[in-house]
Protein chains: 2
Amino acid sequence: MRRSTLEEVAALAGVSKMTASRALRGSSDVAEETRRRVQQAAERLSYVGNRLALSLSSQRTNLVAVVVPSMSNTVFPEVLSGITTGLAGTGMQAVFGISDYDEVKEREIIRDMLSWQPSAIIVTGLDQPHDTVRMLKSAGIPVIQVMDLDGTPIDFNVGLSHGDAGRDMAVALLAAGRKKIAYVGSALDKDLRAGKRKAAFQRVLAAQSLSFVSEQLDDGFSSIALGKRLTAHMLAAKPEIDCIYYSNDDMAAGGLFACMEAGIIVPSQIVLAGFNGLDLTDSLPAPIATSKSPRRAMGEAAARLITDAMKDGEKSSGEAGPKTIVFKPPITGLKQGWT
Amino acid sequence: MRRSTLEEVAALAGVSKMTASRALRGSSDVAEETRRRVQQAAERLSYVGNRLALSLSSQRTNLVAVVVPSMSNTVFPEVLSGITTGLAGTGMQAVFGISDYDEVKEREIIRDMLSWQPSAIIVTGLDQPHDTVRMLKSAGIPVIQVMDLDGTPIDFNVGLSHGDAGRDMAVALLAAGRKKIAYVGSALDKDLRAGKRKAAFQRVLAAQSLSFVSEQLDDGFSSIALGKRLTAHMLAAKPEIDCIYYSNDDMAAGGLFACMEAGIIVPSQIVLAGFNGLDLTDSLPAPIATSKSPRRAMGEAAARLITDAMKDGEKSSGEAGPKTIVFKPPITGLKQGWT
DNA sequence: CGTGATAACGGTACCGGTATCGATAACATG
DNA sequence: CATGTTATCGATACCGGTACCGTTATCACG
C-alpha cells in the first residue's frame, strides 16, 4: 500500500495538481465547490502530504534542531519540553539529537541535523570545538546556545553563569558558618558546566585560604545511587566534614539518603548542596541546598528567541531583540542562622 | 551567507554534479584523484548536503518517528534514550513528538510525523482512537506500539501488561499480610496505563471481598510533591491504613517522605508500592515496593524490531521475527516475612 | 459591443539531490 | 588493426510538492 500523492488526489477530484495544492492549503482563489471535492478526495485517500517535497520546494522547513548531551538526566528533557511548548502554535517543530557528552558525536549529530536544513538550531553550552563552531556559523541560520553563559557565544545565548552559581553557593555556605567543606562529583571531564561550578567554588574557598577537605570523584554518570555510595564512603573516612558540595542534585539527594542511613542529621550536623533545583528537592525529608535553574523557562526563552528572529527575518529590518538572555538561579534550602 | 549546494561543490572541483555526488558518497567508480578534489572542494565550502533532496530523490528517509505523551516524567526520556541507542549505527534516526496525553494533539503530531515520510513509527500505548489507527495503518510503514500490551496491536507491539502488573502487586501485598490498603493516584483519565493497573489491583481485592479503604485522586500530573501532599492528607484522616498503592513511583516516593515526616515507619507500619522501578527506588532511605519496568530495554527492543523489519523488507521474504515482545516487570522492595 | 477586471484554474520551471543509462577514452587481446 | 573490456565521468529523468506566470471564461461598464 503506497502512500498517495497530491497528483492522485487531484486526479480523483478531477482537477490539476496545482489546484489541489491550493485547495488543501486554503488559498483564496479556488471555488468553494472545488475545494470540497479536493478535500473529500484527500480524505478518501487518507492523503498526508510530503513535507520533504514541500520543504524542498518552498525552501523552508520550519524545523528547529536541538542537540542535548543526554536524556537520562531529567534536566534536558525539561529543557526540550520548554522548547516544544514555546514553539507550539508557531508552525515550527523541534527535532532532538543526543550527543552523549561526546564532542565527536556532537559534531556528527549537528552535521546530521543541519543536513535537514533546519530554520534554527539550539545546542547545549558554549564549549564546542572550532570545527563545530565553523559548521554552525556557515549554516546561515540562527544558532542558540543554551544552559551556559560562561564563554563566547556564536550568535544567541540563553542560560545562566555556572561560575556565578558555584561562587554564590560557596559564599552562601561559608556565610552559614561551614568550614570543613568536601566535594562529591562525577563525570567532570564530560559535564563541563559542573566543572565550572566546582572551579568557581574553589576560588572562593582559596580566597579564604580554605580548600576542600576531601574530594570524591567518579567517572560514572551522576545518579542518586552514585551520590549515596560516594557519600557513604566519604563520611566513613572523614566524619568531621560539616558540608558537602555536589556536582548536582541527583548526587546530593543520594548524599542525603546516605546521611540518613548513617544517622547523621541534615542540615544541623552536615549541610548538603547541589545544583539544578530538581522538583525532588522540595519534597525531601531534610533540606538540601540547591541553585534553582529554570530549565523549562530557558527552553521557552530559546524558542521565543527563534520565533522573534524569524519575524525579523521576514521584515529583514535587522537589529532585533537581545542576543543574550540571562537567568539567575536563586539558592534554596539554605536558611540563614544555622551554626 | 547561503548554504552551498552540491552543484557548487562540483563546479569548484571541476566535475559534474553526478560525479561529485558519487565522490562524496564513496562510490567505487570515481578516480582517487577526483575524489580528493571533490572532498577538498566540499571542505572548503563546508558543504553539508541536503537530506530533503536526498530523501525525496532516493525515496527513503531512514527516519523513525516516535510519539510519547510526556517529557516531564523520566520514564519516556529513558525509552527514547533506549530507542536512539538501539538505532545507533544503523543509519536510522529517531524524531520525537510529544502529545501531552491528549488524543487530539496526538493525532496531529502523528500526522505531522507521517508527513516526513518516516521509515517506521513508534507510538505509546494501544488505545489510539479509530481515525488515528486508520492513519497509522494507511501509512504503509511498520508501526510499533510500546509500553503497553493490553489491547489489540496494529502491527508490532513491545511492552508489558499493566493489568498483570497491578494484579501481581495486589497479590504480593496481600501475601505480605496487608489488609487495609489505600490508593493514591493522579491524572488517571490521562494516564490510561495507570488506570489499568489500578483496575486490575481492585479486581484482586474484590476477589477477597476487599476494597480500597481510602482513595486520594488528583487531576494534576504525578510528582513527588503531589504524592507527598496527598499521602499526608490521607494519613491524617485514616491512620489505620497499613498499605498504599500509588499510580507510580514518583507518587510513592513522595508518600515515603510524607511518612518520614509524620514519624510513621516504612515498611513495618505501612507498606508503600508504586510502579516503574525508577533508579530512585534503589536508594531511598526506606524500601518502597515497585514493578521494575525495563524502559531502556523496551526502547531498544522497539529499535531492533524496526531494523529487523527493514532488513526483511529488503529481502522481501516476509514472515519475519515476532510481532510482539513481552516484558515481565519483577517486583522489588517487597521482602517476604513482614507482618 | 469592445474593453478591462476578476475569478478560477492549468502549465512549466524549479528545489537539490540520486538512479539509470550512455558516452568516452585507454588499454588489452587475438 | 578491429574488437571487447574496464574505468571514469556526464546527461537526463525523475522524487512530490510550490512559485510564478499565463490562460480562459464571465461579467460589469462606458
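These numbers come from the heavy atoms of this one structure, side chains and all, not from hydrogens, waters or symmetry mates. Remember, predicted model here, so these are calculated numbers, not experimental data.
Remark: B:Leu56, B:Ser57, B:Gln59 in residues 43-64 of chain B come within less than 4.0 Å of DNA chain D through at least one heavy atom.
Across the protein-nucleic acid pair, B:Glu7 atom CD and D:dA11 atom P stand 11 Å apart, rounded to whole Å. Look at CZ on A:Arg22: it is 13 Å from P on D:dC21, rounded to the nearest Å. Between B:Arg35 atom CZ and D:dA7 atom C1' there is a gap of 13 Å when expressed in whole angstrom units. The CG atom of A:Asp29 sits 14 Å away from the C1' atom of D:dT23 (whole-angstrom rounding).
Not counting sequence neighbours, A:Arg193 has no partner by the salt bridge (Lys or Arg N to Asp or Glu O under 4.0 Å) test. Checked against ring-ring contact (aromatic ring centres under 6.0 Å, His included), A:Tyr101 has the following partners two or more places apart in sequence or in another chain: A:Phe221. In terms of the side-chain hydrogen bond (donor to acceptor under 3.5 Å, both in side chains) criterion, A:Thr324 has no residue partners (sequence neighbours excluded). Checked against ring-ring contact (aromatic ring centres under 6.0 Å, His included), B:Tyr47 has no partners two or more places apart in sequence or in another chain. For the salt bridge (Lys or Arg N to Asp or Glu O under 4.0 Å) test, no residue two or more places apart in sequence or in another chain qualifies with A:Asp150. Annotation: side chain to side chain contact (heavy atoms under 4.5 Å, CB included) contacts of B:Thr5 (sequence neighbours excluded): B:Arg2, B:Glu7, B:Glu8. Checked against side-chain hydrogen bond (donor to acceptor under 3.5 Å, both in side chains), B:Ser58 has no partners two or more places apart in sequence or in another chain. The salt bridge (Lys or Arg N to Asp or Glu O under 4.0 Å) check on B:Glu43 picks up nothing, with sequence neighbours excluded.
Both B:Thr34 and A:Lys17 lie near DNA chain D, and the one whose nearest nucleotide falls closer to the 5' end is B:Thr34.
The outermost nucleotides of DNA chain C lying under 4.0 Å from heavy atoms of chain B, listed 5' to 3', are C:dG16 to C:dT20.
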Would you list the atom pairs, donor with acceptor, under 3.5 Å between side chains in residues 60-69 of chain A and any protein atom, with sequence neighbours excluded?
{"unit_1": "A:Thr61", "atom_1": "OG1", "unit_2": "A:Leu63", "atom_2": "N", "d": "3.3"}
{"unit_1": "A:Thr61", "atom_1": "OG1", "unit_2": "A:Gln117", "atom_2": "O", "d": "2.7"}

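End-to-end axis angle of the helix from C:dC1-D:dG30 to C:dG30-D:dC1, using five pairs per end and rounding to 10°, comes to 60°.
A distance of 11.0 Å separates CG of B:Asp308 from OG1 of B:Thr90, quoted to the nearest 0.5 Å. One finds the CD1 atom of A:Ile109 at 11.5 Å from the OG1 atom of A:Thr132 (value rounded to the nearest 0.5 Å).
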